[in-house]
A.B. asks: 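A single structure is presented below for examination.
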Amino acid sequence: MADLEKYRQSIQKVLTEYAKKRSSVNEKFEAKTIFDKEQDRYQLIFIGWRNENRIFGPVLHFEIENEKIWIQWNRTEEDVADELVKMGVLKEDIVLGFQPPYMRQYTEYAVG
């Protein structure tokens, strides 16, 4: 059985560390974390400006559903699933939700 509190803390750690890394790289926009612990939804967004263009949108989005971590969105070059595994999350408890369902069987993670 999945340790849901451990999974929540692992997700929050991944998002917080990535936000710190990105905020130190670019001062024109901020990386902000959003933690909805009641519904188990976690997100990192960018807010700011690049020249005259508004930057606003999700960079990473995780959900916990049926005791599995769903990585719903990843616009980074980071392998966040691997980071979660290194923190003790089981591969069979991670779903790459951004992959089409028919492709998930070819990953080393859960299909759903």
Side-chain angles (χ1 to χ4, degrees):
M1 180 170 209
D3 182 348
L4 294 179
E5 191 52 40
K6 177 182 166 184
Y7 286 8
R8 289 178 184 114
Q9 290 174 6
S10 297
I11 291 169
Q12 291 173 57
K13 185 174 181 183
V14 166
L15 294 175
T16 301
E17 288 179 0
Y18 192 79
K20 285 180 188 171
K21 232 187 322 186
R22 288 301 303 177
S23 291
S24 64
V25 171
N26 189 327
E27 298 174 4
K28 294 181 181 173
F29 59 90
E30 292 179 70
K32 295 189 175 196
T33 56
I34 301 170
F35 301 154
D36 178 355
K37 297 175 187 175
E38 199 169 293
Q39 297 184 59
D40 276 327
R41 295 181 182 137
Y42 307 88
Q43 197 171 73
L44 173 74
I45 62 171
F46 284 166
I47 299 175
W49 293 91
R50 179 178 296 141
N51 301 321
E52 303 292 320
N53 299 313
R54 179 77 171 151
I55 304 292
F56 183 88
V59 179
L60 287 165
H61 181 97
F62 297 87
E63 294 179 354
I64 298 177
E65 213 174 284
N66 297 325
E67 300 188 352
K68 295 187 185 314
I69 295 176
W70 285 71
I71 303 172
Q72 299 286 15
W73 190 251
N74 182 0
R75 291 191 68 196
T76 73
E77 294 179 3
E78 306 290 325
D79 185 350
V80 292
D82 187 55
E83 288 183 45
L84 292 170
V85 170
K86 288 176 184 171
M87 289 182 208
V89 177
L90 301 173
K91 285 185 177 181
E92 58 262 28
D93 288 345
I94 298 173
V95 180
L96 304 180
F98 57 85
Q99 291 281 353
Y102 68 90
M103 290 296 293
R104 292 183 200 147
Q105 64 184 314
Y106 302 112
T107 71
E108 55 191 307
Y109 300 99
V111 295

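Nothing fancy with the numbering, it's 1 onward along the sequence.
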A.B. asks: Do side-chain atoms of K32 reach the backbone of I47 as a donor and acceptor pair under 3.5 angstrom?
C.D. replies: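 No; judged by distance alone, with no hydrogens or angles, the pair does not exist.
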A.B. asks: Considering only distance and modelled atom types, tabulate donor-acceptor pairs under 3.5 Å from the side chains of residues 105-112, sequence neighbours left out.
C.D. replies:
residue: Q105; atom: NE2; partner: Y102; partner atom: O; Å: 3.0
residue: T107; atom: OG1; partner: R104; partner atom: O; Å: 2.8
residue: T107; atom: OG1; partner: Y109; partner atom: N; Å: 3.2
residue: E108; atom: OE1; partner: K91; partner atom: NZ; Å: 2.4

A.B. asks: Using the rule that Ile, Leu, Val, Met, Phe, Trp and Tyr join whenever any side-chain heavy atoms are under 4.5 Å apart, tell me whether I69 and F35 fall into a single cluster.
C.D. replies: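 Result: yes, single cluster for both.
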A.B. asks: What's the spacing between R54 CZ and W49 CH2 if we round to 0.5 Å?
C.D. replies: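 Answer for the CZ-CH2 pair, R54 versus W49, is 5.5 Å.
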A.B. asks: Between K68 and Y7, is there a side-chain heavy-atom distance shorter than 4.5 Å?
C.D. replies: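 The answer is no, as the side chains (C-beta and beyond) never meet within the 4.5 Å cut-off.
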A.B. asks: Do W73 and I11 sit in one hydrophobic cluster, given that two such residues count as connected whenever their side-chain heavy atoms are within less than 4.5 Å of each other, even indirectly?
C.D. replies: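 No; I11 is not reachable from W73 via cluster members.
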A.B. asks: Could you give the distance from CD (Q12) to NZ (K37), rounded to the nearest 0.5 Å?
C.D. replies: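 So the gap between those two atoms works out to 4.5 Å.
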A.B. asks: Please check: side-chain N/O of N74 versus main-chain N/O of T76, any donor-acceptor pairing under 3.5 Å?
C.D. replies: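 Yes, the answer is positive, given that a donor and an acceptor are paired below the 3.5 Å cut-off.
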A.B. asks: Is the CG atom of N66 crowded by more than 12 outside heavy atoms at less than 6.0 Å?
C.D. replies: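 No, CG of N66 has 12 or fewer neighbouring heavy atoms, counting only those of other groups under 6.0 Å.
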A.B. asks: Would you give the length of the straight line joining atom NZ of K13 to atom CG of L84, rounded to the nearest 0.5 angstrom?
C.D. replies: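 It comes to 11.0 Å.
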A.B. asks: So which heavy atom on R75 is nearest to which on P58, and how close?
C.D. replies: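 For R75 versus P58, the nearest heavy atoms are CD-O, 3.8 Å.
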A.B. asks: Kindly indicate whether the side chain of E67, heavy atoms from C-beta on, has any atom under 4.5 Å from the side chain of L4.
C.D. replies: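 The answer is yes; the side chains approach within 4.5 Å.
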A.B. asks: To the nearest 0.5 Å, how far apart are CG in D79 and NZ in K86?
C.D. replies: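 Between D79 CG and K86 NZ, I get 8.0 Å after rounding to 0.5 Å.
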A.B. asks: Verify the cluster assignment for L90 and W70: are they in a single hydrophobic cluster under the rule of side-chain heavy atoms below 4.5 Å apart?
C.D. replies: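 Shared cluster, no.
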A.B. asks: What pair of heavy atoms forms the shortest contact from F98 to Q72, and how long is it?
C.D. replies: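 That closest heavy-atom pairing would be CB-O, 3.6 Å.
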A.B. asks: Is I34 reachable from L15 through a run of hydrophobic residues whose side-chain heavy atoms are each under 4.5 Å from the next?
C.D. replies: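 No; I34 is not reachable from L15 via cluster members.
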A.B. asks: About how many Å separate CD of E5 and CD1 of I64, when rounded to the nearest 0.5 Å?
C.D. replies: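 With rounding to 0.5 Å, CD1 (I64) is 8.5 Å from CD (E5).
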A.B. asks: Should the ring pair Y18 and F46 be called parallel, tilted or perpendicular, given that the plane angle runs from 0 to 90° and is split at 30 and 60?
C.D. replies: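 Y18 and F46: parallel rings.
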A.B. asks: For A81 and L96, which heavy atoms make the closest approach, and how far apart are they?
C.D. replies: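 Scanning both residues completely, I find the closest heavy atoms to be CB-CD2, 4.1 Å.
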A.B. asks: Could E17 and K20 be called an ion pair, given the rule that one side-chain N must be under 4.0 Å from one carboxylate O?
C.D. replies: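 Between K20 and E17 there is no salt bridge, as every charged N stays at least 4.0 Å from the carboxylate O atoms.
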A.B. asks: Going from CG on D82 to CE on M87, what distance comes out if it is rounded to the nearest 0.5 angstrom?
C.D. replies: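 CE of M87 is found 10.0 Å from CG of D82.
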A.B. asks: Are F62 and I45 linked, directly or through other ILVMFWY residues, by side chains that come within less than 4.5 angstrom of each other?
C.D. replies: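 Different hydrophobic clusters.
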A.B. asks: With side chains defined as the heavy atoms from C-beta onward, is the minimum distance between D40 and E65 less than 4.5 Å?
C.D. replies: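 Side-chain contact under 4.5 Å: no.
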A.B. asks: Report yes if some heavy atom in the side chain of L60 is under 4.5 Å from a heavy atom in the side chain of E78; otherwise report no.
C.D. replies: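 Sidechains of E78 and L60: no contact.
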